[in-house]
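Values below: all heavy atoms of this structure, side chains included; hydrogens, waters and symmetry mates excluded. Labels below follow one simple rule: chain letters A, B, ... track the order of the sequence lines, proteins then strands, and each chain is numbered from 1. Predicted model only: the values in this text are computed from it and were never measured.
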Protein chains: 2
Amino acid sequence: MLSIANLGHGVNVSAITNAETGASRQPQPAPRRLLAAAIEAFAERGYQATTTRDIASRAGMSPAALYVHYPSKERLLYEISRSGHVDVLEVLHAVPGGPPSERLRHMVEAFTTWHAEHHTIARVVQYELAALSADHLADIAAVRRDITAAFEDVLTAGLADGSFEIADLSGSALALMSLSIDVARWFSDGRRLSPADLGRLYGDLALRMVKA
Amino acid sequence: MLSIANLGHGVNVSAITNAETGASRQPQPAPRRLLAAAIEAFAERGYQATTTRDIASRAGMSPAALYVHYPSKERLLYEISRSGHVDVLEVLHAVPGGPPSERLRHMVEAFTTWHAEHHTIARVVQYELAALSADHLADIAAVRRDITAAFEDVLTAGLADGSFEIADLSGSALALMSLSIDVARWFSDGRRLSPADLGRLYGDLALRMVKA
DNA sequence: GTCTATAATCTGATAGAC
DNA sequence: GTCTATCAGATTATAGAC
């Protein structure tokens, strides 16, 4: 994921995931260890049930050390939510052009695979919006509108060239997105279907929902 | 909804909803006022972010009065979650028999309409399971298995008589359920589509996903 | 069955030493 | 940049009067 190597706040999903899994073999710096710990805790127990003590101890430090790197618990949530949302949007924009049918299939496949692969971050992205401050929520709502627009655009294109048959455009867009978003609720590692398998299955189901 | 008039703990979704909206015109007894207040608060802020003071004050009483009617905040969550789950299962079992295509369409329509109509209870049902005690969660997980089985059964029937074409049965059942469950996340009153409209749209989309 | 008052604990965040 | 110690306030739940 080179294209998202440097986001606004210097953090991206790959870096966080590596910090989480230790995949990079290098000792991670404190801010990333805290992000990874917060993702884990928020996904497991929810933002409100997670204490700053819990986050700090998962990252191997004292409660006070957290505040050297982040000014508040909410800011930690915001950084996670923002990088997750931006990453999703990048994944959708990276889908190759082509006929609307193939574009939609690839979008749903990528969107689903992302939610399964990054299911911990996805849970924070989709279910912890209410805990954000008003300013931070407004910032993230803008990204969410772009995500919705990406789905509505491909449906519009498919209606225009006659390859789709859709009774309600924005309702169907929402339904397609729901399919993938809900994966964050139930997916866990070690499931029968891999994230890639699930993506292919859901891409196929999505196409059947709208094709003429 | 006469068939669910008396659940194990003497509460059902209709009674709670009436307490919430005041639809019955009669002053509601304290336990139901508390249930309605808790549903509202849990759906709005989540279980962990909701305080017993908040619930009590929404129900028009002091914090201490709550404990006369319920032994804990978690018990309040359990009663709500349980009656919601049982109500969903009743709604699915109430779908008339017939060919698998029509049965599936009606099931998804009813399941979706329920999640939109009762979107506050639905939010608690779908997103607050982690806050339940181990015993209460086990109790509710059993009802959830029955709900999943209802969808898998109709897909199996449709495969047997050749009316469905499905690559992955349990994966497709999960996908169908996701469509409706995710409604609880985004639906709110006064939306463009009514719960009934949404149910019809989703019933149609679901059928397209699986039909031969 | 409701209230006021409060116990016991936990929370996010800060102070100040090293 | 990390620690120990702690503040100030909030939290669930209980005690006891009416």
Side-chain angles (χ1 to χ4, degrees), chain A residues 9-11 19 26-81 124 128 130-137, chain B residues 9-11 15 19 26-42 44-81 124 128 130-137:
Chain A
H9 295 80
V11 179
Q26 295 219 327
Q28 293 289 332
R32 290 191 179 179
R33 281 199 336 264
L34 285 164
L35 276 179
I39 289 169
E40 218 178 274
F42 292 164
E44 236 172 64
R45 309 135 103 50
Y47 176 82
Q48 299 284 354
T50 299
T51 68
T52 53
R53 279 165 176 77
D54 184 21
I55 297 167
S57 97
R58 283 183 201 241
M61 33 185 123
S62 76
L66 185 153
Y67 292 91
V68 173
H69 306 285
Y70 297 94
S72 68
K73 186 174 109 168
E74 191 273 342
R75 180 59 181 265
L76 215 30
L77 172 66
Y78 171 61
E79 305 259 346
I80 293 163
S81 189
V124 181
E128 301 297 340
L132 291 164
S133 73
D135 281 1
H136 287 162
L137 179 59
Chain B
H9 296 80
V11 179
Q26 293 219 331
Q28 293 287 335
R32 291 192 177 178
R33 274 187 359 250
L34 285 164
L35 276 179
I39 289 169
E40 220 178 272
F42 292 164
E44 238 172 63
R45 308 133 105 50
Y47 175 82
Q48 299 284 354
T50 298
T51 66
T52 52
R53 279 167 174 75
D54 185 20
I55 297 167
S57 96
R58 282 182 201 240
M61 36 186 119
S62 77
L66 186 154
Y67 291 90
V68 174
H69 305 285
Y70 297 94
S72 68
K73 188 174 108 169
E74 192 272 343
R75 180 57 181 267
L76 215 29
L77 172 67
Y78 171 62
E79 303 259 347
I80 293 163
S81 189
V124 181
E128 302 296 342
L132 290 164
S133 73
D135 281 1
H136 288 161
L137 179 59

For the pair made of CZ in A/Arg75 and P in C/dG12, what is the distance, rounded to whole Å? 18 Å
Any B/Tyr67 side-chain N or O less than 4.0 Å from OP1/OP2 of D/dA13: yes
Least distance between heavy atoms, A/Glu79 atom then A/Tyr70 atom: CG-CE2, 4.2 Å
Rounding to a whole Å, what distance do you find between B/Tyr70:OH and D/dT14:P? 17 Å
Both A/Ser72 and B/Ala65 contact DNA chain C. Which one's nearest nucleotide lies toward the 5' end? B/Ala65
Output for pair (B/Thr50 OG1, B/Ile39 CD1), nearest 0.5 Å, gives 12.0 Å
Closest non-hydrogen contact found for B/Leu34 with B/Ile55 is O-CG2, 3.9 Å
Enter the distance from A/Leu35:CG to A/Leu77:CG here, rounded to the nearest 0.5 Å. 11.0 Å
In whole angstroms, the gap separating C1' of C/dC3 from CE of B/Met61 amounts to 12 Å
Here the gap from A/Arg58 atom CZ to A/Arg33 atom CZ, rounded to the nearest 0.5 Å, amounts to 14.5 Å
List every contact pair, protein side and nucleotides 5-11 of chain D side both N or O, where the distance is under 3.5 Å.
none

Side chain B/Tyr47, main chain B/Val124, donor-acceptor under 3.5 Å: no
Could you give the CZ-to-C1' distance, from A/Arg32 to D/dG1, as a whole number of Å? 18 Å
How many Å lie between NE2 on B/His69 and P on D/dT14, as a whole number? 15 Å
